[in-house]
Asker: 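I am attaching a structure below and will ask some questions about it afterwards.
For the single chain, residues carry numbers from 1 onward in sequence order.
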Amino acid sequence: MMNKEKVLIFDTTLRDGEQSAGASMSVEDKVEIASKLNDMKVDIIEAGFPFASKGDFQAVKKISEISKYSVVCGLARAQYKDIDAAGEALGYAKRRRIHTFISTSNLHMKYKLKMSKKEVLDSIKKSIARAARYTDDIEWSPEDASRTDLNFLYKSIEVAIKSGAKTINIPDTVGYAIPEEFGNLIKKIKVNVSNIDKSVISVHCHNDLGLAVSNSLSAITNGARQIECTINGIGERAGNAALEEVVMCLKTRSDLLPFFSEVDTKKITLISHLVSSITGFPVQPNKAIVGKNAFAHESGIHQDGMLKNSNTYEIITPDSIGLSSSELVLGKHSGRHAFKVKLSDLGYEFEEKKINMLFKKFKDLADKKKQVFEEDIYALIDDEKNFKKKNYIELLDLSLKCGTIKKSEATLKLSIFGEKKTIKKTGNGPIDAIFNSLKTIIPNKANLMIYQVNAITKGTDAQAEVNVRLEENSITVQGLGSDVDTMVASAKAYINAMNKLIMKRKKVLDSKSLLQTSSSKLDKHVI
């Protein structure tokens, strides 16, 4: 690595990732993910937008308290209220950064901000000066940079660096750029911004055209030294550059990319699963690096090559991303020690009390299934975490009557805000009956947008993983549930989505009250 340059990995899963339609994370969820990002040695964690909601403020504050390796970053618009909130939330961070931004494209300045170029430049100076009250690690972004007039972009960056910004982030806000074009933009900034040597160039690429990772790599070959990305590539619209793809490209293609990151790639599989479980966003089977099929070979030609030499069809090894190379199968005769070793192999370290609890659930599952696979263990851990959370609604029992003659009937026993309730409803099939029952006992106006069932493992006794997406008044949430009984998994998924909907309702109301000040107007509190 002596001849290679380091690329900083800036993870924005907890901020931009949470802006995915349907994604929802509690404060506790964010702290858990941040802890894993620290273990993974991510350089910077953008923990949230502190002024946006009380939940975001608390998340940034708590992550600041627990982060030992990563710099903790808070996002802020070019407004005093935003910057002060970020500064306060980051108060306990060992290392802190404020990331402030303002639009610089003619389109945004005219229609969104209703500000002149002079007013925007003045706002850049004042916002960075305000942030300097709290930290000397300031990142500044020109929103919609890839559609900004180049001369004005150069001027804006010069002003930001002169005002104290140590990192200049160039976002492809709408994912419009292509690699050669975006790389050239970074090259032009390097040549035309007189004081660019006093800052680190960062890039934040969206994936609307499927080019976020390609654009990011093109940027670093042209002078950028920080990439902003997310776990599993989640984010607004089509998402962001996927962290796992970026770091594995750097590691795998070091022959053409003379760069490195400090990220521990063996933690990738664990954190990918964690983010998927918390957000309710399943990872597509053919997703690069972390998809279920990423190391699966079905073609006879491929299988023959793999048996002779794995390098024939695998450019990275499963163990390099923390995936067990052996598909260890446990059964009802497996002991506690074997189960504990398997948890460790998967990257989990639990207290003995928690292991005992999970082992009991494992034995119960093993009595229902012939074989218990790694994916089943992941599901057990997810189920236990969901049970331990302070959920508003919990499933206590479900019974069904269904057949070819009469309508299906579902009877559900639930705990709703601590009160036990029972409901019985019919429907056109068992799923319809379950969802009708839930909608009656938990009044809501949510529409069911997606209902999807996947087998976690192979065989007719496989656990089912059900994905439910609900939408209510422009609020979208994803729910996941797993069980050997598909009907139970379906009820769990709907309830999981409802718990997130209740949480998100509160967050949206909170955000609306805090964000009522428009960034397009200036007053004594606004830059």
Asker: What do the steps show when you test Val488 against Lys492 for side-chain contact (heavy atoms from CB on, under 4.5 Å), and what is the final call?
Answerer: CA-CA 6 Å; Val488 174; Lys492 285 181 176 180; 3.9 Å; yes
Asker: Could you check if a side-chain atom of Ile33 sits within less than 4.5 angstrom of a side-chain atom of Ile45, using non-hydrogen atoms only?
Answerer: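 SC-SC contact between Ile33 and Ile45 ruled out.
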Asker: Side chain to side chain donor-acceptor pair (under 3.5 Å) for Ser490 and Tyr451? Distances and angles first, verdict last.
Answerer: CA-CA 9 Å; Ser490 300; Tyr451 171 77; 2.7 Å; yes
Asker: About how many Å separate CD of Glu394 and CD1 of Ile495, when rounded to the nearest 0.5 Å?
Answerer: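 One finds 9.0 Å between CD1 of Ile495 and CD of Glu394.
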Asker: Could you walk me through whether Asp137 and Arg95 satisfy the salt bridge (Lys or Arg N to Asp or Glu O under 4.0 Å) test, starting with their C-alpha distance in whole Å, then the side-chain angles of each, then the deciding distance to 0.1 Å, before giving a yes or no?
Answerer: CA-CA 9 Å; Asp137 188 350; Arg95 294 188 296 157; over 6 Å; no
Asker: Mind running salt bridge (Lys or Arg N to Asp or Glu O under 4.0 Å) on Lys340 and Glu352 for me, showing each step along the way?
Answerer: CA-CA 9 Å; Lys340 183 178 179 180; Glu352 292 300 313; 2.8 Å; yes
Asker: Check whether any side-chain N or O of Asp29 sits under 3.5 Å from a backbone N or O of Ser26 as a donor-acceptor pair, and report yes or no.
Answerer: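 Yes.
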Asker: Any side-chain heavy-atom pair from Leu448 and Val468 closer than 4.5 angstrom?
Answerer: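 Answer yes - side chains close enough.
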Asker: For Ala212, does its backbone N or O pair with a side-chain atom of Asn207 as donor and acceptor, under 3.5 Å?
Answerer: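 Pair found, side chain donor or acceptor close to backbone of Ala212.
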Asker: Taking Ala23's backbone N and O only, do any of them form a donor-acceptor pair with Thr279's side chain (distance below 3.5 Å, no angle check)?
Answerer: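 No, the answer is negative, given that no donor and acceptor are paired below the 3.5 Å cut-off.
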Asker: For atom CD of Glu351, is the number of surrounding heavy atoms from other residues, nucleotides or ligands below 6.0 Å larger than 12?
Answerer: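 No - once you tally the heavy atoms of other residues, nucleotides and ligands closer than 6.0 Å, there are 12 at most.
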Asker: Assess whether side-chain contact (heavy atoms from CB on, under 4.5 Å) is satisfied between Asn444 and Lys439, documenting all intermediate values.
Answerer: CA-CA 6 Å; Asn444 63 85; Lys439 198 153 188 176; 3.6 Å; yes
Asker: Is there a donor-acceptor pair closer than 3.5 Å between any side-chain N or O of Asn232 and the backbone N or O of Ser272?
Answerer: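 Yes; judged by distance alone, with no hydrogens or angles, the pair exists.
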Asker: Side-chain contact test, heavy atoms from C-beta onward, threshold under 4.5 Å: evaluate it for Arg96 versus Val72 and give yes or no.
Answerer: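 No, their side chains stay 4.5 Å or more apart.
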Asker: Would a 4.5 Å heavy-atom cut-off, applied to side chains only, mark Val42 and Leu243 as touching?
Answerer: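 A side-chain contact exists here, since the closest heavy-atom pair is under 4.5 Å.
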Asker: Please name the pair of heavy atoms, one in Ser261 and one in Ile9, separated by the smallest distance, quoted to 0.1 Å.
Answerer: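 Heavy atoms only, the tightest pair is CB-CG1, 3.8 Å.
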Asker: Drop me the distance from Tyr378's OH to Leu270's CG, to the nearest 0.5 angstrom.
Answerer: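 One finds 6.0 Å between OH of Tyr378 and CG of Leu270.
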Asker: Which distance, rounded to the nearest 0.5 Å, do you find between the CD of Glu245 and the CD1 of Ile268?
Answerer: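 Glu245 atom CD to Ile268 atom CD1 measures 10.0 Å (nearest 0.5 Å).
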Asker: Step through the shown structure and confirm whether more than 12 heavy atoms of other residues, nucleotides or ligands are within 6.0 Å of NZ on Lys62.
Answerer: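 Open: at most 12 neighbouring heavy atoms sit under 6.0 Å from NZ of Lys62.
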Asker: List the steps, then state whether side-chain contact (heavy atoms from CB on, under 4.5 Å) holds for Arg253 with Leu217.
Answerer: CA-CA 11 Å; Arg253 293 312 310 270; Leu217 295 178; over 6 Å; no
Asker: Do the side chain of Arg225 and the main chain of Ile220 share a donor and acceptor less than 3.5 angstrom apart?
Answerer: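 Flag set: sc Arg225 to bb Ile220 pair under 3.5 Å.
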Asker: Taking the side chain as everything from C-beta on, heavy atoms only, tell me whether Ile227 gets closer than 4.5 Å to Val203.
Answerer: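 When only atoms from C-beta onward are counted, Val203 and Ile227 do touch, with a gap below 4.5 Å.
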Asker: Can you tell me if Ser67 uses its side chain to pair, donor with acceptor, with the backbone of Ser64 under 3.5 Å?
Answerer: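 No.
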Asker: Please check if the side chain of Glu46 supplies one atom and the backbone of Thr12 the other of a donor-acceptor pair under 3.5 Å.
Answerer: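 It does not hold such a pair.
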Asker: Answer with yes or no whether the side chains of Asn38 and Ser35 bring together a donor and an acceptor at under 3.5 Å.
Answerer: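 Distance-only check fails for Ser35 and Asn38.
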Asker: Mark yes or no for whether Asn391, through its side chain, and Ile393, through its backbone, hold a donor-acceptor pair below 3.5 Å.
Answerer: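 Not confirmed, Asn391 side chain does not pair with Ile393 backbone.
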Asker: For Gln226 and Ser202, what are the C-alpha separation, side-chain angles and deciding distance, and is it a side chain to side chain donor-acceptor pair (under 3.5 Å)?
Answerer: CA-CA 4 Å; Gln226 176 177 293; Ser202 171; 2.9 Å; yes
Asker: May I ask you to decide if Cys229's main-chain N or O and Asn240's side chain share a donor-acceptor pair within less than 3.5 Å?
Answerer: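 Between the backbone of Cys229 and the side chain of Asn240 there is no qualifying donor-acceptor contact (under 3.5 Å).
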Asker: Report yes if the side chains of Asp16 and Glu228 come closer than 4.5 Å at any heavy-atom pair, otherwise no.
Answerer: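 The answer is no; the side chains never approach within 4.5 Å.
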Asker: Any carboxylate oxygen within less than 4.0 angstrom of a Lys/Arg side-chain nitrogen, looking at Asp56 and Lys30?
Answerer: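 Lys30 and Asp56: salt-bridged.
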Asker: Quick check for you: to the nearest 0.5 Å, what is the distance between Glu18 atom CD and Ile278 atom CD1?
Answerer: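 These two atoms lie 11.0 Å from each other.
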Asker: Just verifying a value: how many Å separate Thr265 OG1 and Asp319 CG, rounded to the nearest 0.5 Å?
Answerer: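 CG of Asp319 is found 9.0 Å from OG1 of Thr265.
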Asker: Mind telling me whether Phe10 and His99 have parallel, tilted or perpendicular rings, with 30° and 60° as the class edges?
Answerer: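 Judged by the thresholds at 30° and 60°, the geometry between His99 and Phe10 is perpendicular.
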Asker: Under the side-chain contact (heavy atoms from CB on, under 4.5 Å) test against Lys425, which residue among Leu438, Thr440, Ile441, Thr411 passes?
Answerer: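 Exactly one option meets the side-chain contact (heavy atoms from CB on, under 4.5 Å) with Lys425, and it is Thr440.
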Asker: So, does Ser276 use its side chain to make a donor-acceptor pair with the main chain of Phe281 at under 3.5 Å?
Answerer: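 A pair under 3.5 Å: yes.
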Asker: Fit a plane to each ring of His206 and His204, take the angle between them on a 0 to 90° scale, and name the class: parallel (under 30°), tilted (30 to 60°) or perpendicular (over 60°).
Answerer: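 If you compare the ring of His206 with that of His204, the planes turn out tilted.
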Asker: Would you tell me whether Asp11 and Thr13 have side-chain atoms, one donor and one acceptor, within less than 3.5 Å of each other?
Answerer: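 On atom types as modelled, these side chains qualify, holding a pair under 3.5 Å.
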Asker: Regarding Glu139 and Arg97, does a basic nitrogen lie under 4.0 Å from an acidic carboxylate oxygen?
Answerer: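 So Glu139 pairs with Arg97 through a salt bridge.
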Asker: I'd like to know if Glu472 pairs up with Lys504 as an ion pair, taking the criterion as any Lys NZ or Arg NE/NH1/NH2 lying under 4.0 Å from an Asp or Glu carboxylate oxygen.
Answerer: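 A salt bridge is absent here (no side-chain N lies under 4.0 Å from a carboxylate O).
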Asker: For Leu358 and Tyr348: C-alpha separation, side-chain torsions, deciding distance, then whether side-chain contact (heavy atoms from CB on, under 4.5 Å) applies.
Answerer: CA-CA 12 Å; Leu358 287 170; Tyr348 293 102; over 6 Å; no
Asker: Do Asn467 and Gln478 have side chains that get closer than 4.5 Å, going by heavy atoms?
Answerer: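 Yes. Closest side-chain heavy atoms under 4.5 Å.
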Asker: Check whether any side-chain heavy atom of His273 sits under 4.5 Å from a side-chain heavy atom of Ile381, and report yes or no.
Answerer: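 Contact flag for His273/Ile381 side chains = no.
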Asker: For Lys424, does the NZ atom have more than 12 heavy-atom neighbours from other residues, nucleotides or ligands under 6.0 Å away?
Answerer: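 Counting other residues, nucleotides and ligands, NZ of Lys424 stays at 12 neighbours or fewer.
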Asker: Taking only Lys NZ, Arg NE, NH1 and NH2, and the carboxylate oxygens of Asp or Glu, determine whether Asp367 and Lys363 approach each other closer than 4.0 Å.
Answerer: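 Judged by the 4.0 Å cut-off on N to carboxylate O distance, Asp367 and Lys363 do not form a salt bridge.
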Asker: How long is the straight-line distance from CG of Asp432 back to CD1 of Ile434, given to the nearest 0.5 Å?
Answerer: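 These two atoms lie 9.5 Å from each other.
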Asker: Is the number of heavy atoms from other residues, nucleotides or ligands within 6.0 Å of NZ (Lys287) greater than 12?
Answerer: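 For Lys287, atom NZ is crowded (more than 12 foreign heavy atoms under 6.0 Å).
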